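I have placed the structure first, in the form of structure tokens, so that the comments after it can refer back to it.
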There are 2 protein chains.
Amino acid sequence: MTVSRALKDGASIAAKTRNKIMKAVEDLGYVLDQSAGSLSSKRTGFVAVLVPSINNSNFADTARGLTDALQGSGLQLLLGYTDYSVEKEEELIESMLRRRPEAIVVTGGRHTARGRRLLENAGIPVIETWDQPAKPVRHVVGFSNAEAAASLVRHLHGKGYRKIAFIGGTTNRDTRGADRRLGYERAMTALGLKDARVISFGTPPITMQQGGEALARLIEQWPDVEAAICVSDLSAFGALMECHRRKLQVPKRIAIAGFGDFEISRCSYPAITTVGVHCYDIGRRAGELLLRAIEGERKGQPMAAETIITNYAVISREST
Amino acid sequence: MTVSRALKDGASIAAKTRNKIMKAVEDLGYVLDQSAGSLSSKRTGFVAVLVPSINNSNFADTARGLTDALQGSGLQLLLGYTDYSVEKEEELIESMLRRRPEAIVVTGGRHTARGRRLLENAGIPVIETWDQPAKPVRHVVGFSNAEAAASLVRHLHGKGYRKIAFIGGTTNRDTRGADRRLGYERAMTALGLKDARVISFGTPPITMQQGGEALARLIEQWPDVEAAICVSDLSAFGALMECHRRKLQVPKRIAIAGFGDFEISRCSYPAITTVGVHCYDIGRRAGELLLRAIEGERKGQPMAAETIITNYAVISREST
DNA sequence: CTAGCATTTGTTATCGCTAACATAGCAATT
DNA sequence: AATTGCTATGTTAGCGATAACAAATGCTAG
């Protein structure tokens with residue numbers, strides 16, 4: 001027991017004893033067993049985080065924000081990839097809950113019925129991110145992808161573009177992508193631009209290359225198109241490069257806009273107009289919210305459901 | 001006990017009993033507690049993985065390869081970011097070991113003395129990746145960054161370039177980056193090209209933007225430079241865009257090469273010559289190796305140390 | 001009907017730690 | 001010297017699962 005106390009800080013223990021213990025620990029190469037500790041103290045120090053993917057995506061930044069926010073709190077991320085599938089998400093939720101995380105962060109507000117039930121009954125703080133679900137499970141840190149995409153449409157409209165197209169993936173698995181398209185369509189209608197032009201190409205998340213191919217199709221199908229909004233900066237970049245290849249001047253002949261404010265949109269030439277959505281901050285603020293929620297849980301005073309709407313802003317650059 | 005049996009497969013249990021239990025489980029929303037299970041069975045199902053970073057980096061692909069390889073094995077990744085710092089790595093090794101992972105995968109072969117000791121005494125399979133350490137802790141899945149960079153130099157030399165520069169970060173924290181520079185320098189000497197031109201700019205991992213700025217400096221310092229090798233595709237891309245801005249024709253006026261075969265190098269215009277290093281495969285094969293090693297460990301027959309050298313190849317594209 | 005075997009269920013101890021309480025030690029105060 | 005009030009250490013009893021063994025049940029065959 002004294003050893004146990006020596007190894008955590010804040011316990012009252014004589015300096016002499018502690019030193020003796022520490023020396024023994026170092027000599028023996030002893031490492032505390034946290035599974036056993038967790039079992040006893042009922043605090044695992046885990047936070048489960050489910051993201052669609054971590055490769056070339058905004059979610060990596062969100063994960064990083066979370067990691068940073070949790071720095072020093074003794075909490076550790078348990079990361080899972082859902083691959084943009086709610087079925088896989090359900091599986092992951094279950095296997096994560098087996099580890100008894102102290103909170104769980106998921107991406108988006110769409111889950112399987114059972115997935116949702118698992119979340120609701122988990123007895124731990126739940127945070128949905130990157131979205132603004134109509135019926136949140138509990139806490140939310142996100143924004144409306146539809147609204148964000150709509151504001152991009154209005155921005156282009158304000159610059160004089162009328163024949164505006166949307167490039168995205170073929171399915172609705174990527175709900176954020178689907179929301180963006182929805183926002184595009186609504187904004188077009190609202191502006192009286194009847195003929196929405198949607199190119200669906202590739203399973204989400206669509207790659208740079210697929211963005212390029214989609215642009216090729218777009219040009220073929222609607223040669224008079226004036227601007228293309230891409231579901232993400234990556235596809236926008238692919239589209240932009242395809243324009244280079246075809247010697248189509250951007251933005252003179254066609255304007256290109258992306259979504260997400262990846263570094264690439266800032267650095268490419270021409271730099272790409274995009275919607276900045278503060279991916280890192282979503283993670284960071286989810287982390288901070290979660291710390292408060294866990295604190296409350298430990299004190300037996302569960303926090304009231306909180307919804308944090310994060311900012312987004314159209315970032316106008318050379319490509320529009 | 002019967003419940004415990006019902007919840008794992010392969011146990012002999014009457015179908016009727018199992019169904020009854022499953023129903024109760026579903027009704028109660030009961031979820032197994034794996035910390036308790038791990039404590040008892042001495043198998044946590046964790047694999048610790050330490051990577052420098054997961055944002056815009058090859059390591060995300062490696063993590064993905066690992067995840068895929070471990071799919072269905074019941075093992076779960078415990079991911080940690082070292083931020084390219086061996087001190088942070090040491091901390092992470094310790095906190096990971098507290099979770100009693102069944103194997104640990106680290107990036108690179110450089111560790112603090114204590115970090116190395118912890119790895120050696122952990123009593124679990126250790127895999128070092130992305131490098132070819134002189135004295136591996138145990139297993140290795142990697143390649144020589146120096147050799148790979150050297151072969152890129154030779155490739156450029158073969159194409160007639162002589163005044164070849166290297167763009168990288170300012171410190172040696174990123175040991176793989178440092179190795180690449182070393183390989184560059186050695187190859188230049190070996191080819192009789194005396195005047196190595198190295199631009200160090202930004203703390204690793206250097207960004208696209210820093211790659212662009214570095215190119216600007218390079219041109220200023222050595223206006224006659226014919227080719228630039230960048231420490232990664234991201235900086236190469238930044239450099240390439242800077243060339244666009246300055247209306248320097250690539251590869252006519254200056255050739256640009258990267259490292260890592262990120263998607264961006266394939267899609268950019270002009271497409272960037274790079275060294276393909278099979279990031280995903282490194283993860284995948286580390287995962288497979290690790291499964292065998294864990295299997296051996298469980299049977300009480302530890303596996304002999306194994307070194308897997310992964311392939312790399314210069315991929316010649318339009319930028320050189 | 002019962003021995004004999006296979007299958008299914010039950011018991012007990014244990015994994016390595018910590019919460020909660022109990023005791024010991026020690027200085028200050030009266 | 002006795003009392004009080006600390007702080008430092010020790011004891012005991014779990015946390016919730018599983019390993020290992022023990023018992024019960026079911027089935028087949030003689």
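Computed from a prediction, not measured in an experiment: that's the story for all the values here.
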Checklist entry - Restricting to pairs with a member in residues 277-286 of chain B, which pass salt bridge (charged side-chain N to carboxylate O under 4.0 Å, His left out), not counting sequence neighbours? => result B:Arg284-B:Glu288
Item to check | side-chain N/O A:Tyr30 vs C:dG16 OP1/OP2, d < 4.0 Å | outcome: no
Checklist entry - Between atom CZ in A:Arg100 and atom P in D:dA17, what is the gap in whole Å? => result 7 Å
Item to check | Whole-Å distance separating the CG atom of B:Asn19 from the C1' atom of C:dT8 | outcome: 15 Å
Next on the checklist: Rounded to whole Å, please give me the gap between CG in A:Asp33 and C1' in D:dA17.
Outcome noted: 14 Å
Checklist entry - Salt bridge check: are B:Arg110 and B:Glu89 linked by an N-O gap of less than 4.0 Å? => result no
Next on the checklist: Can you build the contact string for nucleotides 21-26 of chain D? Use B for base contact, S for sugar-phosphate-only contact, and - for no protein heavy atom under 4.0 Å.
Outcome noted: ------
Checklist entry - Can you tell me how far C1' of C:dA19 sits from NZ of A:Lys8, to the nearest Å? => result 10 Å
Next on the checklist: Please pick, from C:dC17, C:dA19, D:dA17, the nucleotide with the shortest atom-to-atom distance to any side-chain atom of A:Ala36.
Outcome noted: C:dC17
Checklist entry - Cut-off 3.5 Å, side chains only: do B:Thr112 and B:Glu90 have a donor facing an acceptor? => result yes
Next on the checklist: Could you check whether B:Glu26 pairs with A:Arg114 (Lys NZ or Arg NE/NH1/NH2 to Asp/Glu carboxylate O, under 4.0 Å)?
Outcome noted: yes
Item to check | Between P of D:dA17 and NZ of B:Lys42, the distance in whole Å | outcome: 18 Å
Checklist entry - Quick one: A:Arg43 CZ to C:dC17 C1', roughly how many Å, whole number? => result 14 Å
Next on the checklist: Tell me the interatomic distance from B:Leu39, atom CG, to D:dG14, atom C1', rounded to whole angstroms.
Outcome noted: 12 Å
Checklist entry - Rounding to a whole Å, what distance do you find between B:Gln34:CD and C:dC15:C1'? => result 15 Å
Checklist entry - Does a side chain donor of either B:Asp68 or B:Tyr280 reach within less than 3.5 Å of an acceptor in the other side chain? => result yes
Item to check | Test item: side-chain donor near acceptor, A:Asp83 and A:Ser85, under 3.5 Å | outcome: no
